[in-house]
Amino acid sequence: MDLPSDFNQLIEQASTQNLYQKLVQQLNKDFLYANIDLDFSFDILPSSLKLMLHETVYKLIQEKFAEYLNLLYIIDVSEDAIKKLDGSDTLQLSEDVSFLILKREWQKVWFRQKYS
């Protein structure tokens, strides 16, 4: 599997393989497991998805850090990848974490499609 290096590449891969809706579905499922009230519609535009996810992660970091950590655990975002991020700018950190979340969700969807 060739992991995407940025958001646009991830969306392009998901779209060309007709897995964008499954990616949104996986996000919804994991946010529900984490008990975070965020539900993306299946026809959400990628730009809106990115913005809503970024805003939610930012709010979680600022206001509900325990829920943020729980979400990362449920999604199974790499702890090493999180530790490598620069935490001095919360806005940039939340954008980077949002991409790591999307990348991990993309891995789950891609593997499930390939090996089921």
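Note that the structure is a prediction, hence the values are computed from the model and not measured.
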>> With side-chain contact (heavy atoms from CB on, under 4.5 Å) as the criterion, how do Gln113 and Lys22 come out once you've worked through the C-alpha distance, each side chain's angles and the decisive distance to 0.1 Å?
In response: CA-CA 9 Å; Gln113 180 69 24; Lys22 290 192 184 272; 3.9 Å; yes
>> For a quick test of reading the model, state the closest non-hydrogen atom pair linking Leu53 to Ile101 and the distance between them.
In response: CD2-CG2, 4.4 Å
>> Rounded at 0.5 Å granularity, tell me how far CG in Leu27 sits from CG in Leu38.
In response: 8.5 Å
> So which heavy atom on Phe99 is nearest to which on Ser5, and how close?
Replying inline: CZ-C, 3.7 Å
> Below 4.5 Å, heavy atoms only, C-beta onward: do Asp2 and Trp110 meet side chain to side chain?
Replying inline: no
> So Glu105 and Val109, side-chain contact (heavy atoms from CB on, under 4.5 Å) or not? Walk me through it.
Replying inline: CA-CA 6 Å; Glu105 298 289 41; Val109 169; 5.6 Å; no
>> Is there a path of hydrophobic side-chain contacts, each under 4.5 Å between heavy atoms of I/L/V/M/F/W/Y residues, joining Trp106 to Phe111?
In response: yes
>> If I take atom CD1 from residue Ile61 and atom CG from residue Leu93, how far apart are they, to the nearest 0.5 angstrom?
In response: 4.5 Å
> Got a second to check how far Thr90's OG1 is from Glu95's CD, nearest 0.5 Å?
Replying inline: 13.0 Å
>> Under a 3.5 Å threshold, yes or no: a donor from one side chain and an acceptor from the other, between Ser98 and His54?
In response: no
> Do Leu102 and Leu49 have side chains that get closer than 4.5 Å, going by heavy atoms?
Replying inline: yes
>> So Ile11 and Tyr20, do their side chains get closer than 4.5 Å, heavy atoms only?
In response: yes
>> To the nearest 0.5 Å, what is the distance between CG on Leu45 and CG on Asp43?
In response: 8.0 Å
> Say you draw a straight line from OG of Ser41 to CG of Asn28; how long is it, rounded to the nearest 0.5 Å?
Replying inline: 8.5 Å
> Hey, what do you get for CG (Leu23) to NZ (Lys103), rounding to the nearest 0.5 Å?
Replying inline: 13.5 Å
> Side chains of Asp30 and Gln26: donor-acceptor distance under 3.5 Å anywhere?
Replying inline: yes
> Is there a donor-acceptor pair under 3.5 Å between the side chain of Ser48 and the backbone N or O of Ile44?
Replying inline: no
> Are the side chain of Thr16 and the backbone N or O of Gln13 linked by a donor-acceptor pair below 3.5 Å?
Replying inline: yes
>> Salt bridge or not between Glu79 and Lys83? Use side-chain N to carboxylate O under 4.0 Å.
In response: yes
Side-chain donor-acceptor pairs of residues 66-78 under 3.5 Å, sequence neighbours excluded:
unit_1	atom_1	unit_2	atom_2	d
Asp76	OD2	Arg104	NH2	3.2
Ser78	OG	Asp80	N	3.3
Ser78	OG	Ala81	N	3.2

>> Starting from Tyr58 and following side-chain heavy-atom contacts under 4.5 Å between hydrophobic residues (I, L, V, M, F, W, Y), which residues can be reached?
In response: Leu91
> side-chain contact (heavy atoms from CB on, under 4.5 Å) between Leu85 and Leu100: does it pass, once the steps are laid out?
Replying inline: CA-CA 10 Å; Leu85 299 177; Leu100 290 175; 3.7 Å; yes
> Should we count CG of Asn35 as having more than 12 external heavy atoms under 6.0 Å?
Replying inline: no
> Are Leu32 and Phe42 in one and the same hydrophobic cluster, where Ile, Leu, Val, Met, Phe, Trp and Tyr link if side-chain heavy atoms are under 4.5 Å apart?
Replying inline: no
